[in-house]
Amino acid sequence: MMQSLENKNILLIISGGVAAYKSLELIRLIKKAGANVRCILTESGTQFITPLSVASLSEEQVYTDLFSLKDETEMGHIRLSREADLIIVAPASANLIAKTAHGRADDLASTTLLASDKPVLIAPAMNPEMWDNEATQDNIQTLEQRGITLIGPAQGDTACGETGTGRMSEPEEIFGAILSFFYERPLKSFKALVTAGPTYEPIDPVRFVGNRSSGKQGYAIATALFEAGADVTLISGPTALPGPVGIKTIRVETAQQMLKACQSALPADIAICAAAVSDWAPKENKASKIKKRRNHTPPSIALKENPDILARLAKDGPNRPDLVIGFAAETEDIIINAREKLARKNCDLMIANKISAAENVFGSNQNHVHLVSLDDSEEWPRASKKTIARKLAQRIAQHINNKEKATNVRRIEAAE
Ligand code: C5P
């Protein structure tokens, strides 16, 4: 039986390309599965298929022009994006891909994509030389790094008579990607807590001890777990990032506050400590600003140790999450040091990364990590923090799945 897409709202952007005719079949498949589909047809898209065919199949008005008074009064580009659960761009022309990668907004399709905070799947279609061109490849890399999912393109003959990579994926394959998006929720019914960002440890009302953590990796992990279906609580130190949509975000400042927030988020199945918790806090938090006095020696700040949140969460006990993952930023011997940390803090996995001037991780959108367990380690190629987060979410799902299978086998053996 086909899975239903009842009550799902899909926005399909059709740009210019011979493959646009395949999008009519895609609309039919989406409608048959019960979803609502609204379509934006770019101006060059109208050279290949007519708004009337799109409107007839989608049973909705077709949106074609950003500056059409009618389109904007009835349904602005912001609403088109906000009311969608998922945006598909099929076919995605080289031009629309380039515009999206560079944040251009000169028609309804590109403006809607720029104004969107929704998951986006793109199915490129173009001449193989255009696809292979470094410019297109760079643009695709940019989009993937921002978390856009690519479907295809496929290999074979293209409309221009050349053979190579550039054919749009078949409607059935794009439809399959839509189904996976809605149904592959491997962490459904799991509860996760994620710490992210730095902590600020006050010296007085205006000064603090802190660090350079941007929180980007932790926020990306919280989002990836949420997208995989988990019920996520994000406990964040001070960052400039907006709270991810749909995720319970608790903002804290100090390590003590972070620990308390973590403890109140228990029980959880998964805990991921991506926060760069300050190891020390000033012994004293002065009630009033320390004055700078001429000819006085600068004050010294006595420090005390902060609680190790990861070690506390990972400590054996009834409230210990099934899977506890920590981060280890190291300057050398990263695997050995990460494994030592894993054993010392009693966690299950460590994400280790090398901190050096050459691999600037702080504040960057990229990361280069190793996944380290007690008896294994695996290097993941340098990629966006979002990509690493998604890969981690998949690994967590596998880990939980294997564990559940093992438990079931034990149950069956016990029953026999
Ligand atoms: O010992 P180190 O600070 O290198 O360990 C890093 C890991 O431990 C990270 O996962 C970090 O979130 C966690 N940690 C913590 N509380 C601390 C110090 C580190 O949760 N006080």
Side-chain angles (χ1 to χ4, degrees), residues 192-202 208-222 224-225 232-239 241 249-266 268 270-283 303-317 319-321 323-356 359 361-362 367 369-374 377 380 385 388-389 392 395-396:
L193 90 84
V194 179
T195 70
T199 61
Y200 284 0
E201 311 295 338
F208 60 84
V209 174
N211 61 68
R212 292 181 198 281
S213 168
S214 66
K216 283 180 182 168
Q217 186 63 81
Y219 276 54
I221 291 171
L225 293 175
V232 183
T233 303
L234 171 64
I235 297 159
S236 170
T239 69
L241 304 172
T249 305
I250 302 171
R251 304 241 181 212
V252 297
E253 289 234 328
T254 66
Q256 282 293 352
Q257 290 165 355
M258 189 173 270
L259 175 65
K260 235 173 126 189
C262 285
Q263 284 166 336
S264 64
L266 293 176
I270 306 154
I272 303 184
C273 292
V277 183
S278 175
D279 290 316
W280 307 284
K283 258 191 180 152
L303 299 171
K304 63 178 180 202
E305 203 154 319
N306 260 336
D308 191 318
I309 299 167
L310 173 61
R312 295 264 191 113
L313 291 174
K315 197 164 175 255
D316 288 328
N319 250 347
R320 185 192 191 276
L323 186 61
V324 182
I325 304 180
F327 273 71
E330 305 288 346
T331 49
E332 60 264 328
D333 295 331
I334 50 177
I335 312 286
I336 296 171
N337 284 324
R339 192 164 286 144
E340 181 277 321
K341 205 168 278 183
L342 177 146
R344 181 161 42 85
K345 301 195 185 205
N346 195 38
C347 50
D348 304 289
L349 291 170
M350 273 279 170
I351 314 268
N353 56 357
K354 193 165 177 171
I355 299 297
S356 68
E359 297 215 50
V361 165
F362 292 111
N367 210 349
V369 303
H370 294 72
L371 185 68
V372 180
S373 62
L374 210 48
S377 83
W380 288 359
K385 289 182 176 173
I388 286 175
L392 182 64
R395 280 312 175 82
I396 291 172

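Numbering of ligands and ligand atoms starts at 1, following listing order.
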>> Using 0.5 Å steps for rounding, measure from the CD atom of Glu332 to the CG atom of Asn337.
In response: 7.0 Å

> In the protein, which heavy atom is nearest to atom 3 (O) of ligand 1, and how far is it?
Replying inline: Asp279 OD1, 3.8 Å

> Can you find a side-chain donor-acceptor pair between Ser236 and Tyr219 that sits under 3.5 Å?
Replying inline: yes

>> Under 4.0 Å from a heavy atom of Ala275: which atoms of ligand 1 are those, numbered in the order shown and with their elements?
In response: 11 (C), 12 (O)

> Is Ser278 close to ligand 1, meaning an N/O of one under 3.5 Å from an N/O of the other?
Replying inline: no

> Starting from atom 1 (O) of ligand 1, which protein heavy atom do you reach first, and at what distance in Å?
Replying inline: Lys345 NZ, 2.9 Å

> Looking only at protein heavy atoms, which one is nearest to atom 20 (O) of ligand 1, and how far off is it?
Replying inline: Leu310 N, 2.8 Å

>> Measuring only between side-chain heavy atoms, which start at C-beta, is Phe208 closer than 4.5 Å to Glu253?
In response: no

> Nearest 0.5 Å, what's the CE-NZ distance between Met350 and Lys345?
Replying inline: 6.0 Å

> Any nitrogen or oxygen of Arg344, main chain or side chain, under 3.5 Å from a nitrogen or oxygen of ligand 1?
Replying inline: no

>> Please list, in number order, the atoms of ligand 1 under 4.0 Å from a heavy atom of Gly326.
In response: 10 (O)

> Hey, is ligand 1 close enough to Ile309 that some N/O pair sits below 3.5 Å?
Replying inline: yes

>> Quick check for you: to the nearest 0.5 Å, what is the distance between Asn353 atom CG and Asn367 atom CG?
In response: 5.0 Å

> At a non-hydrogen distance cut-off of under 4.0 Å, which region of Pro307 contacts ligand 1 (side chain, backbone, both, or neither)?
Replying inline: backbone

>> Side chain or backbone, does Phe327 bring an N or O within less than 3.5 Å of an N or O on ligand 1?
In response: yes

>> Under a 3.5 Å cutoff, is there a donor and acceptor pairing between the side chains of Asn306 and Gln256?
In response: no

> Do Val372 and Leu349 have side chains that get closer than 4.5 Å, going by heavy atoms?
Replying inline: no

